[in-house]
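Everything numeric here is computed off the predicted structure, so don't read it as measured data.
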Amino acid sequence: MTEPGNNEARLAGAAGEADARSAQLAERLAVVKHRIEAATAAAGRTETPRLIVVTKFHPADDVRRLSALGITDVGENRDQEAAAKAAELTGMDLRWHFIGQLQSNKAKSVAKYASSVQSIDRLQLVDALAKAIAREQDATGRNDLDCFIQVSLDDDAGAHRGGAAPEAVGELAERIESAAGLRLSGLMAVAPLGADPEEAFARLAGISDALRGDHPDATAISAGMSQDLEAAVKFGATHLRIGSDILGSRPAVG
């Protein structure tokens, strides 16, 4: 039989671990925010980019802690994990951003919780999302879906880190803008492995300029992660996707 004192000790230990994790997240978040503020000032910008904390592989409890620290935007790259967390955290003031490669058959699920999809790279996915969002709006009255076209900055157009070829951006943008329930926000990209991030994000800025020539409201640029956020801010990123520098390494699977 378990002694009451042992139960109390275990509960106190669990509470202590939770408090320690919250303190750790607060400290790491402060460091990242300072980097963002410094990069914004160095770039001569007045508007600070929006921070999206990438919570993939980390538990819903960490999202709760982040919410208590003022975070409202979280990113996920697997639908099964994102849908489960969103369902568990219903009612919290959170915007969920889907940032991973998305199969068209997952559009119906993503439409239930996502504020944005940042990895649109083909027409078939646009059509699937439009259909799913229309159905969800009829059922729940949800807001339009913010859509980012993921652009490959690799020379081989997406073989490594995903995304559409730059020359495909125009057609994708037209399809998104013509779909009810979808809102063309702008572009997303990941700097190629081993590449100079400043060169990559300068190229992305040029593609964004061209897009805005035909779609003036598509002003968003989602770029920059833990290792290259300064370069992204320098070249106009409006959204930063930061994971490991705030949450730490991927937790071990028990």
Side-chain angles (χ1 to χ4, degrees), residues 21-43 45 47-78 81-82 85-86 89 92-102 113-119 146 148 150-151 153 161-163 185-198 200-202 204-205 208 219-251:
R21 178 60 169 164
S22 293
Q24 181 186 59
L25 291 175
E27 181 178 356
R28 289 176 170 174
L29 183 59
V31 171
V32 167
K33 285 185 173 180
H34 178 74
R35 286 176 62 193
I36 295 170
E37 290 166 1
T40 301
R45 297 174 54 180
E47 187 172 350
T48 304
R50 177 180 294 182
L51 172 60
I52 298 172
V53 181
V54 180
T55 54
K56 63 180 182 180
F57 305 129
H58 292 271
D61 282 344
D62 276 349
V63 182
R64 286 193 181 91
R65 295 179 183 111
L66 289 166
S67 178
L69 294 169
I71 292 299
T72 56
D73 294 88
V74 293
E76 291 284 337
N77 74 342
R78 299 190 307 173
E81 181 178 354
K85 287 180 186 174
L89 301 173
M92 298 187 70
D93 183 20
L94 294 169
R95 286 186 293 262
W96 296 89
H97 302 270
F98 193 86
I99 62 175
Q101 297 305 295
L102 181 61
Y113 61 82
S115 172
S116 81
V117 172
Q118 301 202 0
S119 50
D146 288 332
F148 292 69
Q150 183 176 357
V151 184
L153 301 177
R161 310 201 78 170
S185 296
L187 302 177
M188 185 272 263
V190 181
L193 294 169
D196 179 346
E198 290 206 0
F201 295 142
L204 179 63
S208 176
T219 58
I221 299 176
S222 177
M225 299 188 291
S226 293
Q227 70 275 17
D228 55 22
L229 73 84
E230 286 82 4
V233 173
K234 180 178 179 179
F235 289 97
T238 60
H239 296 65
L240 302 167
R241 309 180 308 275
I242 311 298
S244 59
D245 274 11
I246 296 172
L247 286 148
S249 301
R250 175 180 176 176

### Residues forming a side chain to side chain donor-acceptor pair (under 3.5 Å) with D146, sequence neighbours excluded
R183

### Message
Is there a side-chain contact between W96 and V63 in this structure, where contact means two heavy atoms from C-beta onward sitting under 4.5 Å apart?
### Response
yes

### Task
Can you see which heavy atom on L153 is nearest to which on A200, and at what distance?
CD1-O, 3.4 Å

#### Entry: Considering all heavy atoms, the nearest A223-L240 contact
O-CD2, 3.1 Å

### L204 vs L187, side chain to side chain contact (heavy atoms under 4.5 Å, CB included): CA-CA, chis, key distance, verdict
CA-CA 8 Å; L204 179 63; L187 302 177; 4.0 Å; yes

#### Entry: Where S226 and S244 come nearest, the two heavy atoms and their spacing
OG-OG, 3.5 Å

### Message
Under a 3.5 Å distance rule, please check whether K85 uses its side chain to pair with a backbone N or O of T55 as donor and acceptor.
### Response
yes

## Note on the structure
Residue set satisfying salt bridge (Lys or Arg N to Asp or Glu O under 4.0 Å) with R45, at least two apart, ordered chain then number -> none

### Side-chain (R241) to main-chain (V54) donor-acceptor, under 3.5 angstrom
no

### Message
Nearest 0.5 angstrom please: R95 CZ to I71 CD1, how far?
### Response
10.5 Å

### Message
Given 3.5 Å as the limit, does a donor-acceptor pair link the side chain of T40 with the main chain of I36, or not?
### Response
yes

### Query
Are I246 and L51 side-chain neighbours, meaning at least one heavy-atom pair lies under 4.5 Å?
yes

### Query
Can you name the nearest heavy-atom pair linking F201 to A191, along with the distance?
CZ-CB, 3.9 Å

### Query
Can you tell me how far the CE atom of M92 sits from the CG atom of L66, to the nearest 0.5 Å?
9.5 Å

### Query
With respect to S222, which candidate in Q118, H97, Q150 satisfies the side-chain hydrogen bond (donor to acceptor under 3.5 Å, both in side chains) definition?
Q118

### Task
For residues F98 and N77, report the shortest heavy-atom separation together with the two atoms involved.
CZ-O, 3.6 Å

### I242 CD1 to D73 CG distance, which is reported to the nearest 0.5 Å
12.5 Å

#### Entry: Pairs touching residues 220-229 that satisfy salt bridge (Lys or Arg N to Asp or Glu O under 4.0 Å), sequence neighbours left out
none

### Query
If you round to the nearest 0.5 Å, how far is CG of D61 from OG of S22?
9.5 Å

### Message
For R78, give me all partners under salt bridge (Lys or Arg N to Asp or Glu O under 4.0 Å), at least two apart in sequence or on another chain.
### Response
E81

### Summary
In short, G248 meets H58 closest at the heavy-atom pair O-NE2, 3.6 Å

### Task
Report the distance from atom CG of L89 to atom CZ of R64, rounding to the nearest 0.5 Å.
5.0 Å

### Query
Are V53 and L247 close enough that some pair of their side-chain heavy atoms sits under 4.5 Å apart?
yes

### Query
Looking at residues at least two apart in the chain, or sitting in another chain, which of them share a salt bridge (Lys or Arg N to Asp or Glu O under 4.0 Å) with R35?
E230, D245

### Query
Excluding sequence neighbours, so at least two apart, what forms ring pair (Phe, Tyr, Trp, His ring centres under 6.0 Å) with H239?
F148

